[in-house]
2 protein chains.
Amino acid sequence: MKSLDRINQEALILFAEKGYYGTSLSMIANAVGIRKSSIYAHYNSKDELFIAVVQFVAGLYKAKLEQFFAVLKEVDHPVEHQLYHVLRWYMQLWVDKKNATKFWRRIGLFPPEHLENEIKRISAETVAQSFHKELADIFRKGVENGELRNVPSEKLVALFQILIDGILTAILLNDYQETTELIQDGWHHFWSGIKAADIRQTNTGEIKNV
Amino acid sequence: MKSLDRINQEALILFAEKGYYGTSLSMIANAVGIRKSSIYAHYNSKDELFIAVVQFVAGLYKAKLEQFFAVLKEVDHPVEHQLYHVLRWYMQLWVDKKNATKFWRRIGLFPPEHLENEIKRISAETVAQSFHKELADIFRKGVENGELRNVPSEKLVALFQILIDGILTAILLNDYQETTELIQDGWHHFWSGIKAADIRQTNTGEIKNV
DNA sequence: CCTACCGATCGGTAGG
DNA sequence: CCTACCGATCGGTAGG
C-alpha cells in the first residue's frame, strides 16, 4: 500500500477515535511508521490532511450509496421492503466501516469550527443531498400507490432520518455488536406509524431478507 | 458570582463547543479574566476541572429530572399524555440549556478516552439509570391498563430512547431553533406504532398541553 | 522520506 | 489570584 494511502488510513482511525484536536501529526506519523515531517511531502498542513480524509470518506459513502440504490431500483419491491432494506444497508455500513462512520458522525455533530463550513459543503454535495433525494423518491412512490398515508414526502424523510439517527446513536452509545433486534423493533414501530390505515397492524414486522 | 463558578461556567461553554482537547486552560482563564495558573487554586489538573464540569451537568440534569417526574406523577394523565410531556420536557431542556446539552452529548458519544469510564459511571449513577427507570414505570403502567400493546417495557424504553436521540441529533445537525413540528411529527408516528390496536389511528396527534 | 530545527503553546509548578 | 518559570509537544520549515 502506498504511503499516502497509509497516512490517510491511519489519520482516519485517529481522527475518528480522538478527534481533530486530540490527534497530532506525530501520532499519525508514528502509526504509519514515518517521521512527522514526511507528512508534509503529501499535505501542506494538518487542515489539508483532515479535509482530504473528509473527502475520502464522502467519496466512499457516495460510491456505496449510488451502488446500493442502483440495485434497489432494479427490482420493484413494495415501499415497505425498500425502506427496510435502506435501513439495513445503512446500519450494515456502520458494521463494515466503523472508523468511517464514527469519523463522519463526529465531524457532522462536532466539527472543528474553522472547518465547519467546508465539511458541511462537502457532506451536502457528495452524500446528504442525494441520500435525501433517493429517500424522497421512495416515499413519494409509496404515497402515490397508496402504501403510505398521504403525508408530504419531505416530512417522511425527516421522520426516517430520525429513526436512522436514533438507532445509530444507540449503537454508538452502547457499543452494540448485535444491532438486528434494535433495527427490527425500530423499523416495526416506524412502519406502523406511516403505513396506510387499511393494512393491518398485525401484518407488519414480518419482513424477509432480500 | 464566585470565581470558581465562573471557571466552571466558561469551561462548560468551551468544552461543549471545542471539546476536551480543543480547549486549553489558557482559553478558560481568558474567558474568566484571570491567569491560567489561578485555575490551579481550585483544581489540581485539567482532568479534575473537566470531571467537575461533568459532575455539575449531571447534577443539573438529576435535579431537573427529579423535579419533572415528581410533578408528572402528581396528576393521573393517560400514558399517551405522559410520554408526550416527557418528550417535550426533554427537548425543552435542550432549548434552555444548550451548552449543557451539547456538552453532555459530546462526552457521551466521544469522550476523551482516558476519562471514558469515569464519565460513563457518573452518567449512569446520576442520570441515565433513573431516567430509564421512570420511563419503564410509565410504559409498564400503559401495558397494564391496556393503553399500550403488550410489549416488554424494556423494549419500549429502547424505542422511546431512539426517538429522543433521533430528534436531538436532527436538532444538533441542523441547528434548529423551532423544534415543535419535529417533535409533534416524531411523537405522532411513534405513538401510532406502540398504542393498543383498539384506539383509532385518526385519534392521535391531537394532544393538548398540560 | 529523512535530520535538524523553529516559535508558540501546552499542562503544570514554585513561591508569594 | 499573581509573576515567573519548567519540560514536552504542537504545527510547520529548511535543506537534503
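Numbers restart at 1 for each chain; the letters A, B, ... are given by sequence-line order, proteins then strands. None of these values were measured; they are calculated from a predicted model.
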Engineer: Test of understanding: with salt bridge (Lys or Arg N to Asp or Glu O under 4.0 Å), list the residues that count as partners of A:Lys102, not counting sequence neighbours.
Structural biologist: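 Partners of A:Lys102 by the salt bridge (Lys or Arg N to Asp or Glu O under 4.0 Å) criterion, ordered by chain and then number, come out as A:Glu17.
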Engineer: Sort out for me which residue in B:Lys73, B:Arg140, B:Lys62 forms a salt bridge (Lys or Arg N to Asp or Glu O under 4.0 Å) with B:Glu134.
Structural biologist: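 Output: one option passes, namely B:Lys73.
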Engineer: Represent DNA chain C in dot-bracket notation, 5' to 3'. Only Watson-Crick or G-U wobble pairs with both distances under 3.5 Å count; pseudoknot-style crossings use [ ] and interstrand partners use |.
Structural biologist: ||||||||||||||||
Engineer: Around atom NZ of B:Lys97, are there more than 12 heavy atoms of other residues, nucleotides or ligands at under 6.0 Å?
Structural biologist: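 No.
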Engineer: Of all of residues 39-55 of chain B, which get a heavy atom below 4.0 angstrom from DNA chain C, listed by number?
Structural biologist: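 B:Tyr40, B:Ser45, B:Lys46 - these, ordered by number, are the residues of the stretch whose heavy atoms sit under 4.0 Å from the strand.
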Engineer: Might you confirm whether atom OH of A:Tyr40 has over 12 heavy atoms from other residues, nucleotides or ligands at distances under 6.0 Å?
Structural biologist: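 Atom OH in A:Tyr40 is crowded, with more than 12 foreign heavy atoms closer than 6.0 Å.
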Engineer: Could you tell me which residues satisfy salt bridge (Lys or Arg N to Asp or Glu O under 4.0 Å) with B:Lys18, sequence neighbours excluded, listed by chain and number?
Structural biologist: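 Checked B:Lys18 against salt bridge (Lys or Arg N to Asp or Glu O under 4.0 Å); matches are A:Glu113.
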Engineer: Partners of B:Ala41 by side-chain contact (heavy atoms from CB on, under 4.5 Å), sequence neighbours excluded?
Structural biologist: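 Here no residue qualifies.
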Engineer: Is the backbone of B:Gly19 close enough, under 3.5 Å, to the side chain of B:Thr23 for a donor and an acceptor to pair up by distance?
Structural biologist: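 Checking the backbone N and O of B:Gly19 against the side chain of B:Thr23, a donor-acceptor pair under 3.5 Å is found.
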Engineer: Taking the side chain from A:Glu147 and the backbone from A:Val79, do they hold a donor-acceptor pair closer than 3.5 Å?
Structural biologist: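 Yes, because the side chain of A:Glu147 sits within donor-acceptor range (under 3.5 Å) of the backbone of A:Val79.
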Engineer: What do the steps show when you test B:Tyr90 against B:Phe68 for side-chain contact (heavy atoms from CB on, under 4.5 Å), and what is the final call?
Structural biologist: CA-CA 10 Å; B:Tyr90 196 96; B:Phe68 171 78; over 6 Å; no
Engineer: Does either side chain, that of B:Asp47 or that of B:His114, offer a donor lying less than 3.5 Å from an acceptor on the other one?
Structural biologist: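 The answer is yes; a qualifying pair exists.
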Engineer: Mind running a 4.0 Å heavy-atom check of residues 6-37 of chain A against DNA chain C and sending the residues that fall below it, in number order?
Structural biologist: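 Residues of residues 6-37 of chain A that come under 4.0 Å of DNA chain C are, in numerical order, A:Ile34, A:Arg35, A:Ser37.
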